[in-house]
Student: 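Starting off with a structure, shown below.
Only this structure's heavy atoms are used, side chains among them; waters, hydrogens and symmetry mates stay out.
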Amino acid sequence: MPELPEVETVRRQIAPILTGARIQHASIFDPRLVRPFAPDLVAAEIEGERVSTVDRRGKYLIVRFESGLALLVHLRMTGSFRAAAAGGLADDDPHRRAVLKLDNGSDVGYRDVRRFGTWELFQPAELDTYLAARLGPEPLGAFSARALAQRLAVRRTSLKAALLDQRTVAGLGNIYVDEALWHAQLHPLRLAATLATDETVRLHRFMRKVLRLAIERQGASLRDYSTPSGEPGGMQHEFHAYGRGGDPCDRCGTPIAKTRVAGRGTWYCPRCQVDSTQP
DNA sequence: AGGTGGACCCGAACGC
DNA sequence: TGCGTTCGGGTCCACC
């Protein structure tokens, strides 16, 4: 489940390989990846393009070409990249959906078991509009506790639902929301608009801390995620809440509880994360 | 208007 | 052992 830290790890690993390289040949095997457009049309459009930068915005990867064209990649749940020397990608992967052959002697494979991931081509102006409509600020960019407070104040829903909404803050998913809330000692069902200043400050501080640590650990490898070099991340060893139902809370020893919030499996400490707005 | 829940996928884990 | 069922997760899109 690639969230911001996993996507940033992928970006850091593929950026040096892609940047400055020309796409010699593109193969797209799964129509779902680029629909409603035909795979060969999309492949033809990026062939010959030279990569200028590889950026990230929220959970999106942006491969920008010198022509101005941009390839917007979303890994959704199980998308992953794998880099190898030319001809060095395993040839028996049934989940491989695309391959980019570069003019610098590298092959970049794209794999996606569940086929939710997407590749979309954009002209620069369109891309900005598209992203601006979907994403709030980058949590690790110029993002203040005051900005977070402002965004939460207008929401009429739970803290968890508000944080999962990419327009509140870009890049958090189910895992890092639970982790940030555990650190900040806030209940996932707490109404977003009811946070006191010190609570918002805590949430802001810990969401950034957790994301930074996760990037340092190269993301969390639970089921499908691994880095483009094939290594697993290490952040799963730093989890305090996510997936830890029944384990003693690392702060107070109370067993971690599991419930369902905003349609998602949600783990929290029933003692440390008390909802002061609920009876 | 804004929030909620189902659809999209498919492998893993589970139940019998 | 083998089958069927449930689950999960990000985003979009109906629906309330």
Side-chain angles (χ1 to χ4, degrees), chain A residues 1-11 28-37 56-62 72-81 92-98 110-120 122 127 129-136 138-139 150-181 188-194 211 214 219-226 232-233 235-236 239 241-246 258-268 277:
Chain A
M1 16 264 60
E3 302 177 26
L4 186 155
E6 289 76 23
V7 178
E8 177 60 19
T9 301
V10 171
R11 188 195 72 76
I28 297 172
F29 310 117
D30 183 4
R32 207 185 190 288
L33 184 61
V34 290
R35 78 182 184 189
F37 302 102
R56 179 191 57 74
R57 183 77 173 84
K59 302 172 193 170
Y60 290 93
L61 281 169
I62 309 167
L72 185 68
V73 175
H74 200 301
L75 305 172
R76 286 300 212 282
M77 269 93 77
T78 54
S80 65
F81 281 98
D92 58 348
D93 183 354
H95 303 301
R96 175 149 315 130
R97 308 300 179 197
Y110 177 79
R111 167 190 163 88
D112 190 352
V113 174
R114 289 182 208 173
R115 303 170 63 210
F116 276 4
T118 52
W119 285 19
E120 274 179 281
F122 284 90
L127 180 62
T129 308
Y130 183 92
L131 292 177
R134 286 165 176 76
L135 302 179
E138 282 294 316
Q150 211 167 40
R151 292 177 168 266
L152 292 177
V154 298
R155 303 305 295 268
R156 301 279 171 268
T157 187
S158 68
L159 201 43
K160 171 134 187 182
L163 292 173
L164 285 173
D165 185 337
Q166 301 298 293
R167 291 168 304 183
T168 307
V169 178
L172 294 175
N174 200 39
I175 293 175
Y176 293 106
V177 167
D178 279 10
E179 289 303 305
L181 292 176
L189 280 176
R190 180 70 180 279
L191 292 178
T194 67
L211 293 173
S221 290
L222 296 176
R223 298 175 186 88
D224 304 277
Y225 168 80
S226 64
M235 186 59 190
Q236 64 278 10
F239 289 168
Y242 181 85
R244 297 201 48 188
K258 179 176 185 191
T259 181
R260 213 162 178 82
V261 178
R264 294 284 174 264
T266 299
W267 291 267
Y268 67 103
T277 59

Student: Quick one, give me the B/S/- string for nucleotides 10-16 of chain C, reading 5' to 3', where B means a protein heavy atom under 4.0 Å from the base and S means that only happens at the primed atoms, P, OP1 or OP2.
Tutor: BBS----
Student: A:E6 and A:Y176: side-chain donor and acceptor closer than 3.5 Å?
Tutor: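 The answer is yes; a qualifying pair exists.
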Student: Restricting to non-hydrogen atoms, name the atom on A:A192 and the atom on A:A162 that form the minimum distance, rounded to 0.1 Å.
Tutor: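 Closest heavy-atom pair between A:A192 and A:A162: CB-CB, 3.9 Å.
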Student: When every nucleotide of nucleotides 10-15 of chain B is labelled 5' to 3' by its protein contacts under 4.0 Å (heavy atoms), B for base, S for sugar-phosphate only, - for none, what sequence of letters results?
Tutor: BS----
Student: Do NZ/NE/NH1/NH2 and the carboxylate oxygens of A:R167 and A:D165 come within less than 4.0 Å?
Tutor: yes
Student: What is the distance, rounded to the nearest whole Å, between atom NZ of A:K258 and atom P of C:dT6?
Tutor: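 After rounding, the reported distance stands at 15 Å.
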Student: Is A:R190 reaching over with its side chain to a backbone N or O of A:T194, donor-acceptor style, under 3.5 angstrom?
Tutor: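 Yes, A:R190 side chain to A:T194 backbone: donor-acceptor pair under 3.5 Å.
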Student: Do you know which two heavy atoms are closest between A:V113 and A:T78, and how far apart they sit?
Tutor: N-OG1, 3.4 Å
Student: Regarding A:K160, tell me which of base, sugar-phosphate or nothing describes its non-hydrogen contacts under 4.0 Å with the strands shown.
Tutor: nothing
Student: Mind checking whether A:F239 and A:W267 have ring centres under 6.0 Å apart?
Tutor: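 Ring centres of A:W267 and A:F239 not closer than 6.0 Å.
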Student: Answer yes or no: is there a donor N or O on one side and an acceptor on the other, between the side chain of A:R264 and the main chain of A:N174, under 3.5 Å?
Tutor: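 Judged by distance alone, no pair lies under 3.5 Å.
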Student: Let me know which of A:L211, A:L172, A:V10 forms a side-chain contact (heavy atoms from CB on, under 4.5 Å) with A:P5.
Tutor: A:L211
Student: Calculate the interatomic distance between A:L33 atom CG and B:dC9 atom P; express it in whole Å.
Tutor: 13 Å
Student: May I have the distance from A:D112 (atom CG) to B:dC9 (atom P), rounded to whole angstrom?
Tutor: 12 Å
Student: Tell me: CZ of A:R35 to C1' of B:dC9, nearest whole Å?
Tutor: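 Between C1' of B:dC9 and CZ of A:R35: 10 Å.
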Student: With the side chain counted from C-beta on, respond yes when A:L4 and A:R56 share a heavy-atom pair under 4.5 Å apart, and no when they do not.
Tutor: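 In short, these two side chains touch, coming nearer than 4.5 Å.
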Student: Rounded to whole angstrom units, what separation is found between the CG atom of A:L191 and the P atom of B:dG2?
Tutor: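 Taking atom P of B:dG2 as the reference, CG of A:L191 is at 17 Å.
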Student: Bend angle of the helix from B:dG2-C:dC16 to B:dC16-C:dG2 from five-pair axes at both ends, rounded to 10°?
Tutor: 60°
Student: Hey, does the side chain of A:E179 reach the backbone of A:A241 with a donor-acceptor pair shorter than 3.5 angstrom?
Tutor: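 The answer is yes, because a donor-acceptor pair under 3.5 Å joins these two groups.
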Student: Using a strict 4.0 Å threshold on nitrogen-to-oxygen distance, state whether A:K59 and A:E3 make a salt bridge.
Tutor: no
